[in-house]
Structure formats: structure tokens, C-alpha cells
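Sequence positions, counted from 1, serve as the residue numbers for this chain.
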Amino acid sequence: MAKIVASSGLSEQTYLPPALLSSPPKTHQREYIKEAEMILLPLMDDLLTKAKLSPRDIDILVVHCSAFCPSPSLSSIIVNKYSMRSDVKSFNLSGMGCSAGAIGIDLAQNLLKTNNNCYAIVISTEILSAGWYSGHERSKLLINCLFRMGSAALLLTNRKEASKTSKYRLIRTLRNQTAFDDKAYLMAIREEDDDGKLGVTINKGLLPAAGEILRSHMTILGLKILPLTEKLKHIVSVIRKKFKDKQGEIYMPGFKTAIQHFCLPTSGRALIGEIAKGLKLDGRDVEASLMTLHRFGNQSSSSMWYELAYMEAKERVKKGDKVLMLGMGTVPKCCSCVWECVRPIAGDSNKNNPWRDCIHLYPVEAVSSVSQT
């Protein structure tokens, strides 16, 4: 574990819950609930205060956490603590890995399409003490090393008056997965070791499998958002490879022709580097991803929001810019969201931005090069 952490790209400023700082770590139900309340309740307080809303104004609530699925559910805990309405549409997603953040947005978007004048809150988190592995199998230790505390809550709405205050407009979501394939299905699986200790086994073929689903995902997304010239180049290269030059490479469209900012999975420097290579991204494009991994670690489904907060703190997001959020989870599965900035936001979130006390220290040169991944 020490070797993995040393080469992971994480700094010593990342966060672990109190339960995992004990020796030995406290891994039982009471600690899981404490951690959940420590994260979720202040998060809701901050969001409702900033939006000047009452809990009873909320029509839709989506909470997702991969490792911890209690009864009552996390969404029910929030409904109970805030005395929300009896008709609030609440959903609890679990077991969907790091892609759950984008999947939660996709779910909320579909609900807003069929319900008018609604407010929806989507909360991304991970309860680390529930996913801690205390055994010795190497394939299960990776989760302990890379994942850190973090969470994000966001407010979505289809109310017309919100167009004056909202920061982003959701343009498109896209999902695909490979759970139908037995080999992909077993790439990352939670199971007991020989001593009966529960942990997530990460198999060696996960990175190539993730690369395959990413290629198919970006091909579909590219056909929907890329300019015509980039689409034609890709189609011509596919035809040429099939009928003329079977050794030739398929042209990967340049997504920077349609997207200005990228929030990539923070599952490790190697994955960030491979995605950057495939999408033809440079160091500045992946800076937010690498710096988020360094400062906060892999925060599972909430990492993409810390990346966006980094760009906002650096005042790089301008009105009219488009942001691609890419979530990849176990199985593997892939989900993306494309947002458009609809108003100037420079200095808008300095008070609540998680980078506010350290943004002047970033980027850190030692981890800013994709070539080190």
C-alpha cells in the first residue's frame, strides 16, 4: 500500500474519515452512519442556504454512494432530517462506482423532463469506512490507497426564472455499459477473501476494458456534438481501415473543436494519461484532473465537481464555454454530461469553493505533466 500511495499522485493533504484514522480502523455500521451525516448534512445546509430555498421546496432528491447502502437509505436519512415533503421523489443509487455522479445527473434530467417547475438536488458521495479492506490480498488493496473523502451537491431546475441565476445549462447526457459481457462484469467485484474479509477485487484487465468502452462512448458522443469536418474524417478512416488499409489507424476526432474544458475520471494518473492521449488533450486540458487527484484524491462520483471548481477558481470558464464531464465506473460503465456556461461566473463561488485556501499553490509542477502517468 505504501508503494501504491507513493506513486499515486496524491498529496498528504487528502482526507480520510475519523473511523479510518483509528488503529485498527473502525469499520462498523455506527461509524458508517456518522461519516454519512458528517458529510451529507452540512452539504445540504450549504446548498439550501446558497440557493435560498427551504427543504420543502425540493421536488426530486437523488443520492448516490457506491459502497454503502443502509436501510433506511441515505436519501431517506436526508428526507427525515430535513422534514421534506411526503411527495418528494427520492432515489438512492448504489454499486455504480465513480460513474454515479454523471448517472445521477442523467436520472434527474429525465425526471425534470416529465415534471414541470421542479427543483432537483443530486448528491454525490462515497462512505470510505464502509469500503475499507482489512485483509492482505493485493488485488483488493488498491481501493484503500486511492479513494479519499469528498462530496458534492448540486441543484438542477426546469423553472424558467432560474435561467437568470443558473451557472450552467445541461446540453446532453450519454450512457453505455458492458455488464452484458461476463469478462467485463468481473473486472471489479466486491467479494470476500480466503479469510472472509470483504473487499473490491480489481482485475488486471480493467484498464484495457475501460479503454474499449471509452472509445465506443466517445464515438457516439462525437457524432452528436462534433463539427461535420471531424465526423467525416473519422468515418473515412473507419471505411479505409475496413476495406483498404487494415493496418491503418482509425482517426480519433479532436474533441477540443467542440469542448473547451474537460473533467476526467480521477482514478489515477495512468488512466488520466490514457484518456488524454485518446482525446488529443494537452497538459492544460488535464490540469484540473491531475490537481484534483493530488489535492483531494479519488473522490469517486464527486471528483468531477472538484475539477469544475478548480477551473472556476482559476477563472477559466467563460460564458458560452462547454464543459465535458466524464464518469467511468465498475463493470466498466461510462457516462458523460455536456454543460454550457450561461453567464459570467468569475469570482462567483470563491466563498464556497473547496480550492479557495490553496488555489494559489496550483498547479503543482511535479504532477502536472501527463507524461508522468
Indicate the atoms forming the closest heavy-atom contact of [X] with [Y], along with that distance.
{"X": "Leu264", "Y": "Ser289", "result": "N-OG, 3.3 Å"}
{"X": "Phe262", "Y": "Met311", "result": "O-CE, 3.1 Å"}
{"X": "Leu53", "Y": "Leu155", "result": "CD1-CD2, 3.7 Å"}
{"X": "Gly254", "Y": "Thr257", "result": "O-OG1, 2.7 Å"}
{"X": "Gly150", "Y": "Thr125", "result": "O-OG1, 3.7 Å"}
{"X": "Ala258", "Y": "Pro227", "result": "CB-CD, 4.4 Å"}

Kindly say whether [Y] contributes a backbone atom to a donor-acceptor pair with the side chain of [X] at under 3.5 angstrom?
{"X": "Asn158", "Y": "Leu112", "result": "yes"}
{"X": "Tyr32", "Y": "Thr27", "result": "yes"}
{"X": "Asn298", "Y": "Leu146", "result": "no"}
{"X": "Asn203", "Y": "Leu186", "result": "yes"}
{"X": "Ser11", "Y": "His294", "result": "yes"}
{"X": "Asp321", "Y": "Lys318", "result": "yes"}
{"X": "Asp106", "Y": "Ala102", "result": "no"}
{"X": "Lys89", "Y": "Ile60", "result": "no"}
{"X": "Asp282", "Y": "Arg284", "result": "yes"}
{"X": "Ser7", "Y": "Lys3", "result": "yes"}

Is there a side-chain contact between [X] and [Y] (heavy atoms, below 4.5 Å)?
{"X": "Asn92", "Y": "His64", "answer": "no"}
{"X": "Met38", "Y": "Pro18", "answer": "yes"}
{"X": "Met149", "Y": "Gln299", "answer": "no"}
{"X": "Asp46", "Y": "Lys50", "answer": "no"}
{"X": "Tyr168", "Y": "Leu154", "answer": "no"}
{"X": "Met328", "Y": "Ser99", "answer": "no"}
{"X": "Arg148", "Y": "Phe296", "answer": "no"}
{"X": "Ile220", "Y": "Leu174", "answer": "yes"}

With [X], which residues qualify under side chain to side chain donor-acceptor pair (under 3.5 Å), at least two apart?
{"X": "Glu137", "value": "Lys140"}
{"X": "His234", "value": "none"}
{"X": "Glu230", "value": "Tyr251"}

In this structure, would [X] and [Y] fall into the same cluster of hydrophobic residues linked by side-chain contacts under 4.5 Å?
{"X": "Phe255", "Y": "Val236", "answer": "no"}
{"X": "Trp132", "Y": "Leu21", "answer": "yes"}
{"X": "Ile189", "Y": "Ile143", "answer": "no"}
{"X": "Leu228", "Y": "Ile225", "answer": "no"}
{"X": "Val323", "Y": "Val342", "answer": "no"}

Yes or no on side-chain contact (heavy atoms from CB on, under 4.5 Å) for Ile77 and Leu40, after CA distance, side-chain angles and deciding distance? CA-CA 9 Å; Ile77 290 174; Leu40 299 180; 5.9 Å; no
Would you mind checking if [Y] and [X] are paired as a salt bridge, meaning a charged N to carboxylate O distance below 4.0 Å?
{"X": "Lys314", "Y": "Glu287", "answer": "no"}
{"X": "Asp285", "Y": "Lys280", "answer": "no"}
{"X": "Lys277", "Y": "Glu274", "answer": "no"}

Under the salt bridge (Lys or Arg N to Asp or Glu O under 4.0 Å) rule, collect the residues that match up with Arg56, sequence neighbours excluded. none
Those residues at least two apart in sequence (or on a different chain) that pass salt bridge (Lys or Arg N to Asp or Glu O under 4.0 Å) with Arg169 are Glu340
Spacing of [atom1] belonging to [X] relative to [atom2] belonging to [Y], to within rounding of 0.5 Å:
{"X": "Ile121", "Y": "Ser90", "atom1": "CD1", "atom2": "OG", "result": "12.5 Å"}
{"X": "Asp195", "Y": "Ser134", "atom1": "CG", "atom2": "OG", "result": "9.0 Å"}
{"X": "Met44", "Y": "Ile39", "atom1": "CE", "atom2": "CD1", "result": "15.0 Å"}
{"X": "Leu10", "Y": "Gln13", "atom1": "CG", "atom2": "CD", "result": "11.0 Å"}
{"X": "Leu61", "Y": "Leu111", "atom1": "CG", "atom2": "CG", "result": "11.0 Å"}
{"X": "Glu312", "Y": "Trp305", "atom1": "CD", "atom2": "CH2", "result": "9.5 Å"}

Consider side chain to side chain donor-acceptor pair (under 3.5 Å). Of Thr201, Asp193, Asn144, which one does Tyr133 pass it with? Asp193
Return yes when atom [atom1] of [X] has more than 12 non-hydrogen atoms of other residues, nucleotides or ligands closer than 6.0 Å, and no otherwise.
{"X": "Asp194", "atom1": "CG", "answer": "no"}
{"X": "Lys26", "atom1": "NZ", "answer": "no"}
{"X": "Lys256", "atom1": "NZ", "answer": "yes"}
{"X": "Glu161", "atom1": "CD", "answer": "yes"}
{"X": "Arg85", "atom1": "CZ", "answer": "yes"}

Test item: side-chain donor near acceptor, Gln109 and Thr173, under 3.5 Å: yes
Flag for Thr292-Glu307: side-chain donor and acceptor within less than 3.5 Å: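 The answer is no; no qualifying pair exists.
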How are the rings of Tyr310 and Trp355 set to each other: parallel, tilted or perpendicular (split at 30° and 60°)?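 Rings of Tyr310 and Trp355: perpendicular, over 60°.
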As a quick check of understanding, evaluate side-chain contact (heavy atoms from CB on, under 4.5 Å) for Ser300 and Cys98, giving each step before the final call. CA-CA 4 Å; Ser300 190; Cys98 302; 3.9 Å; yes
Under the side-chain contact (heavy atoms from CB on, under 4.5 Å) criterion, do Leu326 and His217 qualify, and how do the steps go? CA-CA 10 Å; Leu326 188 63; His217 184 92; 4.1 Å; yes
What residues form a ring-ring contact (aromatic ring centres under 6.0 Å, His included) with Tyr82, not counting sequence neighbours? none
